[in-house]
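Reading through the structure tokens given below for one structure.
Predicted model only: the values in this text are computed from it and were never measured. Order of the sequence lines sets the chain letters (A, B, ...), proteins ahead of strands, with each chain counted from 1.
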Protein chains: 2
Amino acid sequence: MPAEAKVDASSARQEPRPESRPDSPPLTQRQEARRRRILHASAQLASRGGFDAVQMREVAESSQVALGTLYRYFPSKIHLLVATMQDQLEHMHGTLRKKPPTGETAAERVAETLMRAFRALQREPHLADAMVRALTFADRSVSPEVDQVSHQTTAIILDAMGLERPTPEQLSAVRVIEHTWHSALITWLSGRASIAQVKIDIETVCRLIDLTAPGDARDAT
Amino acid sequence: MPAEAKVDASSARQEPRPESRPDSPPLTQRQEARRRRILHASAQLASRGGFDAVQMREVAESSQVALGTLYRYFPSKIHLLVATMQDQLEHMHGTLRKKPPTGETAAERVAETLMRAFRALQREPHLADAMVRALTFADRSVSPEVDQVSHQTTAIILDAMGLERPTPEQLSAVRVIEHTWHSALITWLSGRASIAQVKIDIETVCRLIDLTAPGDARDAT
DNA sequence: ATCAAGTCTGTAACTTGTTCTAGATTACCG
DNA sequence: CGGTAATCTAGAACAAGTTACAGACTTGAT
């Protein structure tokens, strides 16, 4: 059995994900595989049962890893679920990129994109529950990871807007859209708002985009 | 020692709070006092230490109540903290009512009011942490209570707008403002956004109000 | 091939939210 | 008053997140 070499720049990287996680120590293949098994188990358990069903002992068992190891990879349940969200978001961004939104205005395109994402979440409401609850419950110790999720979300929205160099005002609008997106998801997940309400809220907040760039929003795609 | 009579309509109610909690079984004076002690202890513990510092055993001890009794009054830590928030919100609404906002437009008045509330929260950031985290983490079993908080918040915002009969569009805008408010608080509490950022986000989202009623927003106070 | 350092495993212990129980106390009714 | 149902108390017990640790396995370098 040959020793597991670190995966460095000289070896062919099979996973098309050069960005996003500049891990301080590069992982061996087995470690990368463990990480992957853990995230998979996490998503699977979350898909049934939501937040509560993701139990650290079960994740460890499902991914065939000792509990201590699980905690070495993800220092808390919240870290694990936020990482799971990062993972899912990458998928999502890829999927969304394939079919760019068709709306005329930037506001329409953003709303369209978010509604598409929303429909995807509706297919796995328990998973959405686990991820979003973790995200909003995260305390300061998870800030870097939550920030990354936020940046990824921002990237998705800016993509939909078709902007290279957003103005500060536009960035403010995007931040507000993200606030609304997260909070609206929460109200939907906890049964306090209908799908239709979420749609309305998204469309309402997206109007802010037109407000920030009244005349020059149409140069995209 | 005379038996504690239920506080019913025939006895003078000393607390100026006839609305807000139509408790199915009316409470005796001692029960009302217990409830108050519990909420007080909860707020006190939250004020240092935040969410994690509110430990059910400590709340029980601080309020001189058995653990089982605490759970009879508030069926979970989340219920307790959401109730604490309701309590604080009532205070806040009263305080805010005394000095109505002075802005020209409805958007300005709402932003002014929210910033005033924000400054109040800044004085007790740990308490804010406990309440807001509980609010967004609450699951379906707490929906009625969370809804009440939401309604109270809506009332505050509509107050600031100076509206009696808001249009559906305006209500949508208010919902989006609340979303932004909660989510912006979270990002601030977890150290991912500065106070200045929160201010900008609030002002940004408040622009939606002008958007929903371009011509007739000025008839208040 | 072999050694030192780092990693993984299995397991027990600890913490805090939550539930349960038996026995006192209190509230309400006749 | 006296009885009964509801409530309260103290404390044990349970559940799931988290930590600790001893021993086995990997890794990287010689």
Exercise. Which of residues 70-84 of chain A sit near DNA chain D, with a heavy atom under 4.0 Å from it?
Worked result: A:Tyr71, A:Ser76, A:Lys77
Exercise. What is the distance from CZ of A:Arg37 to C1' of C:dT9, rounded to the nearest Å?
Worked result: 13 Å
For this session: Can you spot which of A:Lys77, A:Arg72, A:His79 makes a side-chain contact (heavy atoms from CB on, under 4.5 Å) with A:Pro75?
Result: A:His79
Seminar exercise, completed: From CZ of A:Arg34 across to C1' of D:dC25 the rounded distance in Å is 10 Å
Exercise. Going by atom types alone, do A:Glu178 and A:Thr154 pair a side-chain donor with an acceptor below 3.5 Å?
Worked result: yes
For this session: Take the protein atom CD of B:Glu32 and the nucleotide atom P of D:dT7, then report the distance between them rounded to whole Å.
Result: 15 Å
Problem set entry | Integer-rounded Å distance: D:dT7 P and B:Gln64 CD | 22 Å
Exercise. Between B:Ser183 and A:Ser183, does any side-chain donor sit less than 3.5 Å from a side-chain acceptor?
Worked result: no
Seminar exercise, completed: Between CG of A:Asp139 and C1' of D:dT18 the distance, given in whole Å, is 14 Å
Problem set entry | Closest heavy-atom pair and its distance - B:Thr204, A:Leu208 | O-CD2, 3.5 Å
For this session: Could you tell me whether B:Glu58 contacts a base, only the sugar-phosphate backbone, or nothing, with contacts defined as non-hydrogen atoms closer than 4.0 Å?
Result: nothing
For this session: Using a heavy-atom cut-off of under 4.0 Å over every strand shown, decide if B:Glu61 touches base, sugar-phosphate, or nothing.
Result: nothing
Problem set entry | Value in whole Å for how far the C1' atom of C:dG17 lies from CD of B:Gln55 | 10 Å
Exercise. What pairs meet the salt bridge (Lys or Arg N to Asp or Glu O under 4.0 Å) rule with one or both residues in residues 115-127 of chain A, with sequence neighbours excluded?
Worked result: A:Glu112-A:Arg116
Problem set entry | Distance in angstrom units between B:Leu45 CG and C:dT16 C1', rounded | 14 Å
Exercise. Between D:dG28 atom C1' and A:Gln29 atom CD, what is the distance in whole Å?
Worked result: 16 Å
For this session: Look at the side chain of A:Arg57 against the base of D:dT18 and say whether a donor-acceptor pair falls under 3.5 Å; ignore hydrogens and angles.
Result: yes
Problem set entry | Between B:Gln197 and A:Arg175, a side-chain donor and acceptor under 3.5 Å | yes
For this session: Remember a base hit wins even if backbone is also touched, and classify A:Val59 as base, sugar-phosphate or nothing at under 4.0 Å, heavy atoms.
Result: nothing
Exercise. Would you call B:Glu32 and B:Arg37 a salt bridge, using N to O less than 4.0 angstrom?
Worked result: no
For this session: Measure from the side-chain heavy atoms of A:Thr69 and tell me the nearest of D:dT9, C:dT18, C:dT9.
Result: C:dT9
For this session: Look at B:Gln31 and D:dC8 and indicate whether a side-chain polar atom (N or O) is within less than 4.0 Å of OP1 or OP2.
Result: yes
